[in-house]
Engineer: 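Encoded as structure tokens, here's the structure I'll be asking about.
All of these numbers come straight from a predicted model, not from anything done at the bench. In what follows, chains are A, B, ... by sequence order, proteins preceding strands, each numbered from 1.
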Protein chains: 2
Amino acid sequence: MTTATDETNPDGRGFLPGLALDFVIFGFHDQELKILILEYKNTDLFALPGGFVREKEDLESAARRVLAQRTGLTDIYLEQFHTFGSLQRYDPAPLAQIMQAKGHAVQPDHWLLRRFVTVGYYALVDFTQAVPQPDAMADRCAWYELHQLPSLMLDHKSIVAKALETLRETLDRKLIGFNLLEESFTMHTLQRLYETVLGEPLNRSSFQRRMLSLGILQRLEKTYTGKAHKAPYLYRFIQPE
Amino acid sequence: MTTATDETNPDGRGFLPGLALDFVIFGFHDQELKILILEYKNTDLFALPGGFVREKEDLESAARRVLAQRTGLTDIYLEQFHTFGSLQRYDPAPLAQIMQAKGHAVQPDHWLLRRFVTVGYYALVDFTQAVPQPDAMADRCAWYELHQLPSLMLDHKSIVAKALETLRETLDRKLIGFNLLEESFTMHTLQRLYETVLGEPLNRSSFQRRMLSLGILQRLEKTYTGKAHKAPYLYRFIQPE
DNA sequence: TATTATTGTTGCACTATGCAACAATAAAGC
DNA sequence: GCTTTATTGTTGCATAGTGCAACAATAATA
């Protein structure tokens with residue numbers, strides 16, 4: 001919810017007032033779906049990474065700019081999914097606590113303590129390539145397993161839920177695995193990704209048949225895992241040119 | 001894009017600054033999909049109905065309030081689909097023209113001439129029940145066939161396109177016909193609605209089989225159309241209690 | 001060499017859907 | 001009254017997709 005320009009900019013000048021961006025950044029690792037969470041020193045507060053929109057900046061450009069700051073990655077799969085504007089989410093307490101913990105005097109009319117409507121985006125990133133960067137206010141930025149999230153501030157928990165719901169609904173239409181996996185992977189890993197997103201087990205042979213019939217996978221050499229069984233093939237996505 | 005409180009409120013006081021709502025209100029009539037469009041006197045400008053969010057009001061509540069003002073209907077199917085915030089859409093010219101045509105002096109710093117990010121909602125209404133109401137600035141509010149829209153101001157054309165795209169994608173998941181049709185209807189009308197939304201013809205027997213197998217339709221008495229052929233049954237949706 | 005675990009594949013049953021055909025029927029033409 | 005016409009409700013058939021179970025292949029281990 002915060003940005004690096006805060007301390008030198010007590011009025012929030014240069015940003016669109018009352019409008020924020022929040023990001024649910026998905027990664028896939030150890031057969032688990034994870035998201036990036038910010039942690040604030042001395043507060044036990046956890047939040048989604050976020051930012052603000054500059055006065056002369058497209059909403060979409062702002063989203064890409066902030067995301068690049070958080071993950072170090074450009075050219076990322078990014079999609080807007082919902083805008084959150086309930087009055088309930090207007091609670092200055094957590095942010096006041098964060099500012100206090102940072103040693104700032106808390107002015108009650110500080111721009112960060114006003115009401116915000118926030119546009120939610122989700123991103124899909126290759127876990128191995130993302131380099132999480134905490135912003136000026138936060139001091140840790142780390143991956144959390146989706147089902148073991150800490151308690152998040154404000155309505156961020158429901159923002160995550162809505163992002164996941166959207167991800168499920170678009171799983172088939174958009175080629176989501178393409179963005180969450182490394183260059184090559186086994187069929188089993190791909191299936192685990194689908195199962196994790198959908199939250200339900202899938203039939204192994206049907207899944208393999210369906211994926212192969214899509215014509216988007218190229219079979220590569222085998223990978224010898226060292227386990228006592230048949231070695232699985234590696235696959236990679238064929239670039240839709 | 002405007003609201004009735006404009007003339008007595010030159011600063012936009014009481015509203016969240018820079019944030020607007022725009023509505024794509026779908027109706028179905030004469031076998032055609034239609035939407036509500038506002039027309040501004042002496043300008044030849046056409047726009048989507050819209051409004052603003054009060055400072056102490058949920059985003060969702062604001063949407064329902066504005067929609068009720070436009071259609072005279074409450075308890076309407078309403079869904080947020082996208083938030084539009086490109087810089088391109090920031091063009092004060094059309095609104096200045098509208099204000100001028102209304103006989104107002106155009107102050108260049110008027111709040112309506114500033115940049116807005118707008119949250120897009122689509123609504124599904126029973127055409128026969130909706131009572132379009134122009135707002136204070138507009139002087140006509142009328143249904144237009146989707147493929148015969150006038151040239152819309154700003155980016156409203158792409159807002160309509162995005163709304164239609166969303167409608168298509170959710171057609172099966174949500175029970176859309178339920179909101180767009182009258183109490184009872186023929187299978188043919190239901191099929192035409194689906195075809196209009198999807199933009200492609202559907203197979204008659206397959207469609208009938210699929211709809212009946214859903215178990216959401218109740219067959220009523222026949223309707224004698226006066227035409228020289230078998231009379232079709234009427235159906236109505238079974239209320240999911 | 002036999003065992004074990006996992007992978008790739010295939011057969012079968014079941015469901016969904018496009019297409020074509022057929023029977024039913026309301027009104028019009030004769 | 002009988003035939004014709006247009007549309008509707010229904011059914012049969014071919015095809016495609018999917019769950020389930022089974023089987024063969026195979027890399028490492030015992």
Engineer: Determine the interplanar angle of the F116(B) and F52(B) rings, folded into 0 to 90°, and report it as parallel if under 30°, tilted if 30 to 60°, perpendicular if over 60°.
Structural biologist: tilted

Engineer: Using whole Å, report how far CD of E221(B) lies from C1' of dA26(C).
Structural biologist: 16 Å

Engineer: Output the distance between atom CG (L171(A)) and atom CG (L193(A)), rounded to the nearest 0.5 Å.
Structural biologist: 7.0 Å

Engineer: If I compare all heavy atoms of F26(A) with all of Y122(A), which pair ends up nearest, and what's the gap?
Structural biologist: CE1-CB, 3.9 Å

Engineer: Between the main-chain N or O of I76(A) and the side-chain N or O of R64(A), is there a donor-acceptor pair closer than 3.5 Å?
Structural biologist: yes

Engineer: Rounded to the nearest 0.5 Å, how far does OH of Y144(B) lie from CG of L152(B)?
Structural biologist: 9.5 Å

Engineer: How close or far is atom C1' of dG18(C) from atom CD of Q191(B), stated in whole angstroms?
Structural biologist: 13 Å

Engineer: Does the ring centre of Y194(A) sit less than 6.0 Å away from the ring centre of F28(A)?
Structural biologist: no

Engineer: So, H156(A) side chain and L48(A) main chain: donor-acceptor pair closer than 3.5 Å or not?
Structural biologist: yes

Engineer: Give, ordered by number, those residues of residues 208-220 of chain A having at least one heavy-atom distance below 4.0 Å to an atom of DNA chain D; if nothing qualifies, reply none.
Structural biologist: R209(A), R210(A)

Engineer: Could you check whether the rings of F185(A) and F237(A) sit parallel, tilted or perpendicular, using 30° and 60° as the cut-offs?
Structural biologist: tilted

Engineer: Taking protein heavy atoms under 4.0 Å as touching, what does nucleotides 24-30 of chain D look like 5' to 3' if B marks base contact, S marks sugar-phosphate-only contact and - marks none?
Structural biologist: -BBBB--

Engineer: So if I take residues 195-207 of chain A and measure heavy-atom distances to DNA chain C, which residues fall below 4.0 Å?
Structural biologist: R204(A), S205(A)

Engineer: What is the distance, to the nearest angstrom, from the NE2 atom on H188(A) to the C1' atom on dT9(C)?
Structural biologist: 18 Å

Engineer: Please determine if E165(A) and R168(A) form a salt bridge, counting it only when a charged side-chain N lies under 4.0 Å from a carboxylate O.
Structural biologist: no

Engineer: So which atom in D155(B) and which in R89(B) form the shortest heavy-atom distance, rounded to 0.1 Å?
Structural biologist: OD2-NE, 2.7 Å

